[in-house]
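For reference, the structure is listed below as structure tokens.
These figures come from a predicted structure and were not determined experimentally. Read the numbers this way: they start at 1 and go in the same order the structure lists the ligands and their atoms.
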Amino acid sequence: MAFEPSFSHRHLISAAQLSAADIHFLFSHATKYLNFSRSRVDKPLDELQGVAVVLAFFENSTRTRFSFDIAAKRLSAEVTTFQAAGSSVSKGESLLDTVRNIEAMDVDILVLRHPSSGAAHFLRDRVQSSILNAGDGWHQHPTQALLDAFTLYNRVSSVQGLKVCILGDILHSRVARSNIDILRTLGAEVAVCGPGTLMPFAIDTFGVRRFRNVHEALEWADVVNVLRIQSERMKQGLFPSEEEFVRYFGVSMQHLRRHPNVLVLHPGPINRGVELDSEVADSPQSLILSQVQHGVAIRMALLSLVARNRRLQQ
Ligand code: CP
């Protein structure tokens with residue numbers, strides 16, 4: 001299918017705001033950067049020269065923060081990182097005041113990670129800089145879903161018609177919500193599988209199939225996207241025991257031997273021995289480190305297109 005050039009967004013808040021044309025346009029840009037990173041061309045890219053990018057992280061991160069940092073620097077942006085730990089947030093400064101003060105230092109693009117669902121949306125309507133959502137509470141993690149789909153696109157050529165089952169703690173997962181949006185927009189068939197207590201109340205309205213255990217899921221799926229249990233977002237134990245979770249929903253090498261063509265995604269961080277066996281994470285069927293590599297290219301493409309849109313819309 002041919003797609004018209006697209007992607008006129010100044011902000012990225014939710015995966016649901018992206019059309020198939022937007023996603024394919026982003027992928028075509030990301031492919032250029034993937035090749036650039038692999039070839040290690042001497043000449044730096046200067047598309048973001050003079051653009052100030054702030055990485056505002058109010059919640060811990062390894063992959064997303066480093067990936068945006070590397071992506072912005074590879075395009076010659078001026079990059080600064082704000083971390084809530086050690087900042088004046090501990091003195092009671094609000095999110096909005098914090099960001100307005102950062103913005104007063106002439107910021108163009110603000111990459112926001114925050115524990116509250118809706119934080120990125122809230123800021124978008126109140127600040128001048130472009131807001132890129134790097135994960136807000138249980139709500140959305142759009143660049144994670146884009147890099148997941150881009151990894152599959154590079155591995156199997158087309159996401160359309162692919163059967164992808166998201167496995168584990170769906171309730172607390174912004175990754176699951178964003179993946180469902182992006183994958184369905186691209187024409188994939190999507191399923192979820194996890195304990196009933198870790199399913200969103202309205203899961204029947206998400207347009208996905210549902211499987212009761214990992215065996216059923218693997219019989220159906222081309223790809224499993226395995227999620228960790230997000231204990232930091234639980235007020236109380238929502239499943240009887242870790243052993244029971246592993247028995248019904250954990251992915252083992254036995255499973256992979258039975259289903260040698262199933263690909264394994266995981267957004268990280270991994271809890272080895274819980275949602276998947278350590279050998280599964282390192283097996284040839286695992287695309288986990290490939291996801292991380294593709295993430296830099298996706299974030300380069302996003303930063304570049306958002307900066308372009310800001311210039312065009314000034
Ligand atoms: N996948 C992901 O968002 O990882 P981090 O929390 O390390 O950024």
Glu219 bridged to Arg212 by N-O distance under 4.0 Å: no
Atom pairs, nitrogen or oxygen, ligand 1 to protein, under 3.5 angstrom:
from     : atom 1 : to     : atom 2 : distance (Å)
ligand 1 : 1 (N)  : Gln144 : OE1    : 3.0
ligand 1 : 1 (N)  : Pro267 : O      : 2.8
ligand 1 : 1 (N)  : Gly268 : O      : 3.3
ligand 1 : 3 (O)  : Thr64  : OG1    : 2.9
ligand 1 : 3 (O)  : Arg113 : NH2    : 2.9
ligand 1 : 3 (O)  : His141 : NE2    : 2.9
ligand 1 : 4 (O)  : Arg63  : NE     : 3.0
ligand 1 : 6 (O)  : Arg113 : NH1    : 2.8
ligand 1 : 7 (O)  : Thr62  : N      : 2.8
ligand 1 : 7 (O)  : Arg63  : N      : 3.0
ligand 1 : 7 (O)  : Arg63  : NE     : 3.2
ligand 1 : 7 (O)  : Arg63  : NH2    : 2.9
ligand 1 : 8 (O)  : Ser61  : OG     : 2.6
ligand 1 : 8 (O)  : Thr64  : N      : 2.9
ligand 1 : 8 (O)  : Thr64  : OG1    : 2.6
ligand 1 : 8 (O)  : Arg113 : NH2    : 3.3

Heavy-atom donor-acceptor pair, Asp136 side chain to Gly118 backbone, under 3.5 Å: yes
Arg299 NZ/CZ over Phe68 ring centroid, <6.0 Å and within 45° of normal: yes
Heavy atoms from other residues, nucleotides or ligands near CG of Asp106 exceed 12 (cutoff 6.0 Å): no
Parallel, tilted or perpendicular: ring planes of Phe150 versus Phe27, cut at 30 and 60 degrees: tilted
Heavy-atom pair of closest approach, residues Ala301 and His29: CB-CB, 3.7 Å
